Amino acid sequence: MNSNGKLAEILAQYSFERGNLVPILQNVQEVFGYISRDTVGEIANHVNVSCSDIYGVATFYTMFRFKPVGRKHINVCRGTACHVKDADQILDQVQRVLGINEGETSADGEYSLETVACIGCCALAPCMTINKDVHGRLTSKKALKILGTAVKEEE
Amino acid sequence: MSEITLKIDGIEIKAAKGDTVLDAARRAGIRIPTLCAHPALEPLGSCRLCIVNIEGMRGNPTSCTTPATNGMVVHTRTEEIVELRREIIKLLLSNHTSPCLVCNDRTLCEKYRPRPLKAGKTTRCTFCANRDNCELRQLVAEYEINDFDLPIIYKNIPLERRDPFMDRDYNLCVLCGRCERICKKIHGKGTLSFINRGEDARIGTAFGLDHTEADCKFCGACIDICPTGVLADRFAKWHGAPDRFAETSCVLCPLGCRVRLSLKEGKVLGGGMTDLSRAGRICALGRFGLAQLLSNPRRLTAHRVRIADGLIKTDYEDAVSEAASRLLPFKGDSFALLTHPQASREEIYILDKFTRQVMKSKNIIITDAATASNYAIPAEVKALYMTGDLVDTADQARLATLDALVIADLFPSAAQEAAHVVIAAAALAETDGTFVTASDEIRPLTKAAVPAAGLNPDWRIICDIAKNMGASDFDFESTEQIKEEMTATGFLVAPGKAPVPSPLDNVRALPQRYRGHLISDIVIALRDIGGHAKPAASPEPAPASDNRPFRIIEKIEVVPNTHITTIHAPAIAEKCLPGQFVIAMVSEKSERIPYTICDFDREKGSITLVTLELGRSSRELALLGTGDCLAHVAGPLGEPVEVKNYGTVVCAGGCYGVGAIFPIARAMKEAGNRVICIEEASSHYLLHWQDKLSAVCDEFLIVTKDGSVGMKGGIQDVIAMLVKRGEKIDQSYIIGCTFMMMLVSRVAKELAVPVQTAMNPIMLDGTGMCGACRVNLDGEMKFACVDGPFFDGLKIDWEELIKRNSAYGMQEVESLPQSGVRVLTLAQACRCENK
């Protein structure tokens, strides 16, 4: 099914109300991985508000993305517990290994990196998720291993 | 109306049920300050300025959102409330680029600079087009805020000036939300919305799209409702606050919308809605077009008559009598009169009466406004009078064969080349009358604008021609008299058809023509909207090779509105000395503008200029990027400073002068002086080149107008401080705006400190020929270009200099380009490459 068809299928599940906006956006992101300019236009027609308003709502919530994410989407936790356990070091390591900064996607579309305020497993701090898998009690070395990249530090 | 009674500040007040506390207070004439509230909008309660104390109610509710109830006791100006409001204003100011508000020299600055400077980015009030209308400034005055301890945060959001008609600088935004609320109120689905959150929250469109892509109708309501200088009408912005408003009807299409014109000194600056509601909405032409048609630099201001092969200028009386004698021999159907449907009823009546009664012809034709000029001249016609460019383009050649062609128009046209008489006319808001709308309603037209001297409206031109021919029934002194006769004779003007789709809802359906002219030829910004004629795009220039003269090696915007441009110019770099300047032309048609050389590298063959965007020419330079070329750079010009060991030398610069002072400081340091560098800026976000300057001096001092970094004050305060601490200043060099150099010179005179100031007067040739750059030094006339640019600041007649520098203020404003900035490089600038 093409993307238009998929989008129509999502929209068909919701009535034409502004109140459905966030669930629609969540559903669209779930299916497409991100919220594109085209989908915003379609959603705008469906709930009868302007594209600017939809963009306004979507940019209010950090969970919504407007660029495609990598096949492996990494969230490094920077919540209180992880912060205390030196999450910054983990983030630095991931950035170095992947060669991308927070908020970016690698050129080959394989990895994308974001940070989150807490993923809810503070006991495992510091931690990160790759797609839906949680990796806890990280060290720089462990992070390197998990990423499965044989990048050696060249300093 | 059911009434309630409440007590505000001890006064019993009757209010209507449904009133808010703010409404009730306003009814009683009690002022509560507001910012986000607006009579045309539903309350939002976001700015918190209208907080009040209500007995029995917790906290300090916002009066704009709190309903008034019976028996309520409200206090609007308790000590606590006033103090809280002051804090709220300070918080707003910290998000608004307003160091000018707390500057010690503010009063004097505004006296010497009655108009704000035409900057690209607004980094302070002096650079703000909305300075005279700013609601924040009014609040600051009302609450007597002369100082604030919060840092000003400059967000550095890119300037948005790609769209037609408007410039947007969100660095000034205080998030009152008026614009996005009025946009939704008028258009339902708005173009603007709040986007992002927290400190990144701002007003914007989806994905940062341009307004042309985000379904904007360009009604301009957002501009008119903005309390600060964020949203600005590009055409009107530098003219200052309007001094008058007048209601009239727009006749550019048969809808005949009501518009509220804003005027300054008789000139129309813009249109606006008489009622900020969906029903009162107007289109881009009503909002921006009317003003740009009337106050257009292309307007005809002189009448011309044919002598042999040429058209020569003449006065109105001569043009009228020439028109009369040319047309007189062609009574009967050999005469035709062509007019446009945007004429008033009175004008159509008079044109009709003239054609039928004086010229005894039946050929009066009102052309169709929407389509192109569409009239084919019948074979029997030998004499033609037309009120515009109304003949079919295919029939233009026929014009040359006419025995008499009289044109009354506002703009030049090709047809006028064949004319025997061209009369420059007054029109639209320059005359009055009535107009019949598509819904057959008769609406009044108001004479609000003052036309250029010697310009008369069409009805008067025709009356004068008729009288000149000996007709007796054309003694009308006003359109009112014409209307009376018209009504008595039962003359009817048929209403035009309402345009479909409506230009109110579709920006592509805006009327295309006025008096036969393509409006987009005159209102240039229309070309950025789809559906209007665009000129053919010029081809992209080939990238310039590295060794091209005047190629930009590096271009950066070092701080907002300040650009550092390093140019490949080996011949200049080889010879230039500290204190000299160049004259640059961005394109071959640009103005020649002097810029001080701020650095040079003889080995690399480059010179560096630090420039501010402050008008048309500096904007052209600011819009160039690395790799672009300037058309010409002439230099080095002027006398270099005398470099020797003076002892202690002060080198002080503000704005562009921060860069300009650098080569002098470097040379003075190398000559063995003790060098003290002073950098002045309005606020911390405008400081630059601190590292470069501190490397070439013994002491580096910063002074800011808001006290955010270093001393609070200006260079003159630092010099006074240096003298006070016992420093003996043997020489000083001051570079910056004329106002700053004047302040410094005044203090230096009192303290007997020698000052050399770099003059920046209006300059043309830069070689001592034209005399435009004269400076009065104790009665002795000097030329800044060859005798300067440095002169003894103690001897300069500053008042005269400031007056001379503002001599072309209005022309400078009028010359600013009206099209949106679409590309960052100017293709024309590289024309020399293709030779």
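Note on naming: letters A, B, ... go to the chains in the order of the sequence lines (proteins, then strands), and numbering restarts at 1 for each one. Fair warning: this is a prediction, and the values are worked out from it, not measured in the lab. When reading the values below, keep in mind they use all heavy atoms of this one structure, side chains included, and skip hydrogens, waters and symmetry mates.
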Practice task
Go through the steps to decide whether A/N48 and B/K189 satisfy the test side chain to side chain contact (heavy atoms under 4.5 Å, CB included), and finish with yes or no.
Solution key: CA-CA 8 Å; A/N48 199 29; B/K189 291 188 194 176; 2.8 Å; yes
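For chain A, the nearby parts of B/F207 are the backbone and the side chain; heavy atoms of each come within less than 4.5 Å. Looking at A/V49, only its backbone comes within 4.5 Å of chain B, counting heavy atoms on both sides.
A/T62 contributes atom OG1, which lies 11.5 Å from atom CG of B/N196 (distance to the nearest 0.5 angstrom). Taking NZ of B/K184 as the start and OG of A/S52 as the end, the distance is 7.5 Å to the nearest 0.5 Å.
Within 6.0 Å of atom NE2 in A/H73, more than 12 heavy atoms from other residues, nucleotides or ligands are found, so the atom counts as buried in its surroundings. Residue B/E42 qualifies as open at atom CD: its count of foreign heavy atoms under 6.0 Å is 12 or below. Environment of CD in B/E199: sparse, with no more than 12 heavy atoms of neighbouring residues, nucleotides or ligands closer than 6.0 Å. Within a 6.0 Å sphere centred on NZ of B/K217, other residues, nucleotides and ligands contribute more than 12 heavy atoms.
Using a 4.5 Å cut-off on side-chain heavy atoms (C-beta onward), A/R37 and B/L209 make contact.
For A/S50 (side chain) and B/G190 (main-chain N/O), a donor-acceptor pair under 3.5 Å exists by modelled atom type.
Summarising the geometry of B/S193 relative to A/D53, their closest heavy-atom pair is OG-OD1, 2.7 Å, with the distance given to 0.1 Å.
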